[in-house]
Every structure is written in C-alpha cells, then in structure tokens.
Amino acid sequence: SRAEDAAAKPQYRQQYDYATARAVAELRVLSEYCLGFVKVGGTFVAMKGQLSDEELTSAANSIGVMGGKKEAVKTMKLADGSERCLLTVKKISQTPPKFPRKPADISKQPL
C-alpha cells in the first residue's frame, strides 16, 4: 500500500511510536506522507542527503499542520565521506482527518 493511502486507514492511522523515511521526497511531502502514521508522543525521523535551511523553513508549516514539532537536526559523516542529515519531529497533536491528501494533490500543492 502507498503511504498516503495506508495512513488514512484506521488500522494504521496514528498507531506507531516511530515512522522513518529516507530522502524519497522533499520534506513538506515526506511530512504529509509519514506523520499520519505516528501517534501523539511518537517521533518521525527523516533522513536526507542534505537538508538546507530553506527546505527546513518551507516544511515548518507542513510539519505543524500534520501535528508535529521539529525536535532536532543531526548531521553525520559516513565512512565514504558523504553526509546525511537526520531530522526528528515529535508528534504533539492529532493529524487532521483530511490528511494525507491524494498523491496528485500533495505533489501539485505541498503544504
């Protein structure tokens, strides 16, 4: 099942302590895909190759709308010399029932 479909189903919605994602999409999109799975008090962890201040700032609204609050950004250097950023988001409130939206809507108009 696609994440945006499963997160709307009661058996998966806001049921998990953690949700993770690697750099499969821009952070505004990842937040909408993943925070619907996380229960209040849980954590969403996004791994990005790089995480610019601009991307983090633009994702603040999406994270908030989905019930999250940015907790920390940690940058790590891998053995091959490349870097990865881990963003942790704490789920502080329920995700509104209308989210996540349909994939086309998410792509065309990220939060």
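Since we're looking at a predicted model, the values are computed, not measured. Numbers here simply count residues along the sequence, with the first being 1.
Considering only heavy atoms from C-beta on, Lys77 stays 4.5 Å or farther from Ser82 through its side chain. You'll find the side chain of Val89 stays beyond 4.5 Å of the side chain of Glu71, heavy atoms only. Contact annotation: the side chain of Thr95 approaches that of Gln14 to within less than 4.5 Å [non-hydrogen atoms, C-beta and beyond]. Annotation: side chain of Val40 is not in contact with side chain of Ile92 (no heavy-atom distance under 4.5 Å). Taking the side chain as every heavy atom from C-beta outward, Lys69 and Lys91 never approach each other to under 4.5 Å. By the 4.5 Å heavy-atom criterion applied to side chains, Glu32 and Phe99 are counted as neighbours.
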Exercise for the section: Take Leu87 and Leu51 through the test side chain to side chain contact (heavy atoms under 4.5 Å, CB included) and record every step on the way to the result. Expected result: CA-CA 9 Å; Leu87 167 69; Leu51 183 58; 4.1 Å; yes
Practice task
Determine, stepwise, if the pair Val45 / Thr43 fulfils side chain to side chain contact (heavy atoms under 4.5 Å, CB included).
Solution key: CA-CA 6 Å; Val45 181; Thr43 303; 4.0 Å; yes
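Clustering ILVMFWY residues whenever any of their side-chain heavy atoms sit less than 4.5 angstrom apart, transitively, puts Leu78 in a cluster other than the one holding Leu86. Note: the hydrophobic cluster containing Leu27 does not contain Ile106 (ILVMFWY, side chain heavy atoms under 4.5 Å, direct or indirect links). Using a 4.5 Å cut-off between side-chain heavy atoms of Ile, Leu, Val, Met, Phe, Trp and Tyr, with links allowed through other members, Tyr12 and Tyr33 fall into different hydrophobic clusters. Hydrophobic cluster membership differs between Ile63 and Phe37, with clusters built from Ile, Leu, Val, Met, Phe, Trp and Tyr side chains linked at under 4.5 angstrom. Clustering ILVMFWY residues whenever any of their side-chain heavy atoms sit less than 4.5 angstrom apart, transitively, puts Val29 in a cluster other than the one holding Met47.
The main-chain N or O of Arg13 is found under 3.5 Å from a side-chain atom of Gln15 such that the two form a donor-acceptor pair. No donor-acceptor pair closer than 3.5 Å links the side chain of Ser31 to the backbone N or O of Ser62. A donor-acceptor pair under 3.5 Å links the side-chain atoms of Lys48 to the main chain of Ala25, judged by distance alone.
For Glu83 and Gln50, the side-chain atoms include no donor-acceptor pair closer than 3.5 Å.
Enclosure of atom OH in Tyr16 by more than 12 non-hydrogen atoms of other residues, nucleotides or ligands within 6.0 angstrom is indicated.
No salt bridge links Glu55 with Arg28; every basic N to acidic carboxylate O contact stays at or beyond 4.0 Å.
Nearest approach of Arg101 to Asp105, heavy atoms of both residues: NH1-O, 3.6 Å. The two atoms that bring Ala8 and Pro100 nearest to each other are N-CD, 4.4 Å, heavy atoms only.
We find the CG-CE distance between Asn61 and Met66 to be 11.5 Å, quoted to the nearest 0.5 Å. Atom CZ of Phe44 is separated from atom NZ of Lys90 by 14.5 Å, given to the nearest 0.5 angstrom.
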